[in-house]
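Here is how names work: the chains are called A, B, and so on, in the same order as the sequence lines, proteins then strands, and each is numbered from 1.
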Amino acid sequence: MFQTIRGTFDILPDTQDSGSQFVPGSANWQHVEGRVREVMSRFGFEEIRTPTMEPLKLIARGVGQTTDIVQKEMFVVQRSDEDYVLRPEMTAPVMRAYIQHSLAQRGGAQRFYYLGPCFRAERPQKGRFRQFHQFGIELLGADGPRADAEAIACLLAIYDSFGISETRLRINSLGDAETRPKYCEALRDYFEPFRDKLSETSLQRLEANPLRILDTKSPEERTLLTDAPRISNYLSSSSRTHLDEVKEHLDDLRIPYFEDELLVRGIDYYTGVVFELESDDLGSQSALAAGGRYDGLGEDVGSKQPVPAIGWAAGIERLFLALQASGYSFPERERPDVYIVALGHESQKWAFAEAQRLRAAALHVEFDLLGRSMKAQMKEANRQRARVALIVGETELASQRAIIRDLDTSEQKEVEFGELINALQSHSEHSDS
RNA sequence: GAGGCUGUAGCUCAGUUGGUUAGAGCGCCAGGUUGUGGUCCUGGAGGUCGUGGGUUCAAUCCCCACCAGUCUCCCCA
């Protein structure tokens, strides 16, 4: 039997909650995606859709040659002309599109949002799949701290709209081109005497990107970190001011945050302000969303002009886990307005034609395709949670009057064929309230 | 990439201290007389007991490998 490949899953009409695996049903995905889009639109972000595959080179250059993503966690498609990659994230692709289509020419700062699948070639874990789904925003062309605060405000507004308030916003600044080399040098100087205490990965990072050492979780290394140089002592005055102003804006918006000087990111393109939104009830996968400023990315991937940029990305699977933890109740499945129960061949023909008429009048109509017994049809109507059963047999055909049975109250009445649309529409509106 | 746990019907699980036809609940299908669902009763379908090897007279049960899921480490988009 064929099955979904490792780390991927089918989204079925019904939620799969088998204890070992939890995959929300398609209606829940639509609900979540719809809400997310709605909030992002309210902030003025417009959707941008890019291909699922991109040139390997774009990702390598954008995300960074030394990152884990590029070094070992991508799905690569080899073709004779060029290597492609299933996109591991969407920031570099969006930047590519921005440059390719000269979107700066639309004028002013550009606000984009995206939502769709991304891929990682890692071993799957809870809330971490090989095909996963992300949404996020990219705010391009605005370099001021207000843009940073605006991006963060949008992020929190989304989680607020789902009633998820048990979150922690951590924020830091990685500084600018002036700051970075100095601080990296200071870190190297600091760690050099402790070489023998560092793990293999940390030693590699010491060469490639010492900032990443701050990310370590090893308790031994963490104790070293307490005396490590702080980035706040190395920030250029403009970086310092920028961060302070972002914080000031967050204060104005009453958005709580924690300044965390150990917060760094695994992607090379970040510069300046970075942040992460995490939740306590997500187990080992605590991050809901992460982002920051990446003012250098545009030029890294070929822009002739600098592109000031701020953005974040969030995982939909993680959002679902948070919703589950918070006991979020999803809207119930839409009820059919009418289930037509037809008895006999002539009635079936009538029902089939009538269903199309009722649907054209915007009613949600279902009926039996299997020629089953009346009892089976009634059961089906009940299972679908139809509001009413519209019953038609020989008698009704003869009298041109159908039976409308309310499946909630069990009351039923006869209605002339010509009046059905009116009767059913008013019934449907009535039950909605 | 490393380690732990798990894998029996569509779902949740029981079971065989290795031995002829593997069970339950829910779900599904059909009945409970002539055209009425949600409750109830009866019956039925559905499993090569994750896959492949091995040990054995005999394996779903023991051993190994693989696959998948899950948790932890690693890491994080």
J.: Between Arg6(A) and rA68(B), does any side-chain N or O lie under 4.0 Å from OP1 or OP2?
T.: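 For rA68(B), OP1/OP2 do have a side-chain N/O of Arg6(A) under 4.0 Å.
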
J.: Would you tabulate the side-chain donor-acceptor contacts of residues 2-13 of chain A under 3.5 Å, counting partners in other chains and residues two or more places apart, or write 'none'?
T.:
| from | atom 1 | to | atom 2 | distance (Å) |
| --- | --- | --- | --- | --- |
| Thr8(A) | OG1 | Ile5(A) | N | 3.3 |
| Thr8(A) | OG1 | Ile5(A) | O | 2.6 |

J.: Determine the interatomic distance between P on rG4(B) and the same-named atom on rC29(B); round to the nearest Å.
T.: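 Going atom to atom, P in each nucleotide, I get 45 Å.
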
J.: Distance-only criterion, 3.5 Å: show the donor-acceptor pairs between side-chain atoms of residues 363-372 of chain A and protein atoms not counting sequence neighbours.
T.:
| from | atom 1 | to | atom 2 | distance (Å) |
| --- | --- | --- | --- | --- |
| His364(A) | ND1 | Glu334(A) | OE2 | 3.4 |
| His364(A) | NE2 | Glu366(A) | OE2 | 2.9 |
| Asp368(A) | OD1 | Leu370(A) | N | 3.3 |
| Asp368(A) | OD1 | Arg372(A) | NE | 3.4 |
| Asp368(A) | OD2 | Leu370(A) | N | 3.2 |
| Asp368(A) | OD2 | Gly371(A) | N | 2.7 |
| Asp368(A) | OD2 | Arg372(A) | N | 2.9 |
| Arg372(A) | NH2 | Glu380(A) | OE1 | 3.3 |

J.: Calculate the interatomic distance between Tyr339(A) atom OH and rU36(B) atom P; express it in whole Å.
T.: 16 Å

J.: Over all strands shown, is Arg123(A) touching base, sugar-phosphate only, or nothing at heavy-atom distances under 4.0 angstrom?
T.: base

J.: Rounding to a whole Å, what distance do you find between Asp368(A):CG and rU36(B):P?
T.: 16 Å

J.: Could you check whether the rings of His31(A) and Phe162(A) sit parallel, tilted or perpendicular, using 30° and 60° as the cut-offs?
T.: perpendicular

J.: Would you indicate, yes or no, if rU36(B) has its OP1 or OP2 atom less than 4.0 angstrom from a side-chain nitrogen or oxygen of Arg372(A)?
T.: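 Indeed not, no polar side-chain atom of Arg372(A) lies that close.
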
J.: For a quick check of understanding: with a heavy-atom distance under 4.0 Å over all strands, which category does Arg120(A) fall into, base, sugar-phosphate or nothing?
T.: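 Counting heavy atoms under 4.0 Å across all strands, the contact made by Arg120(A) includes a base.
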
J.: Do Leu397(A) and Ser347(A) come within less than 4.5 Å of each other through their side chains, counting heavy atoms only?
T.: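 With C-beta onward as the side chain, the pair touches.
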
J.: Please report, rounded to the nearest Å, how far the P atom of rG10(B) is from the CG atom of Leu12(A).
T.: 15 Å

J.: Which stems does RNA chain B form, counting runs of 3 or more consecutive Watson-Crick or G-U wobble pairs with both distances under 3.5 Å?
T.: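 B:1-7 with B:67-73, B:10-13 with B:23-26, B:28-32 with B:40-44, B:50-54 with B:62-66 - these are the stems of 3 or more pairs that involve RNA chain B.
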
J.: Return the orientation label for the Tyr183(A) and Tyr234(A) ring planes: parallel under 30°, perpendicular over 60°, tilted otherwise.
T.: tilted

J.: Assess whether atom CD of Glu332(A) is packed by more than 12 heavy atoms of other residues, nucleotides or ligands within 6.0 Å.
T.: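 Atom CD in Glu332(A) is not crowded, with 12 or fewer foreign heavy atoms closer than 6.0 Å.
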
J.: Could you tell me how far apart Arg383(A) (CZ) and rC28(B) (P) are, to the nearest whole angstrom?
T.: 5 Å

J.: Taking only side-chain N and O atoms of Arg385(A), does any of them lie within less than 4.0 angstrom of OP1 or OP2 on rG37(B)?
T.: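 No, because none of the side-chain N or O atoms of Arg385(A) sits under 4.0 Å from OP1 or OP2 of rG37(B).
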
J.: CD of Gln412(A) versus P of rG37(B): gap in Å, rounded?
T.: 11 Å

J.: How close or far is atom P of rC66(B) from atom CD of Gln3(A), stated in whole angstroms?
T.: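 It works out to 17 Å between those atoms.
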
J.: Just the rounded figure in Å: distance from P of rC75(B) to CZ of Phe129(A).
T.: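 Taking atom P of rC75(B) as the reference, CZ of Phe129(A) is at 22 Å.
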
J.: So, do Phe330(A) and Tyr328(A) have ring centers that fall under 6.0 Å from each other?
T.: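 Judged by ring-centre distance (under 6.0 Å), Phe330(A) and Tyr328(A) do meet the cut-off.
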
J.: Roughly how many Å is it from CE in Met374(A) to P in rA30(B), rounded to a whole number?
T.: 15 Å

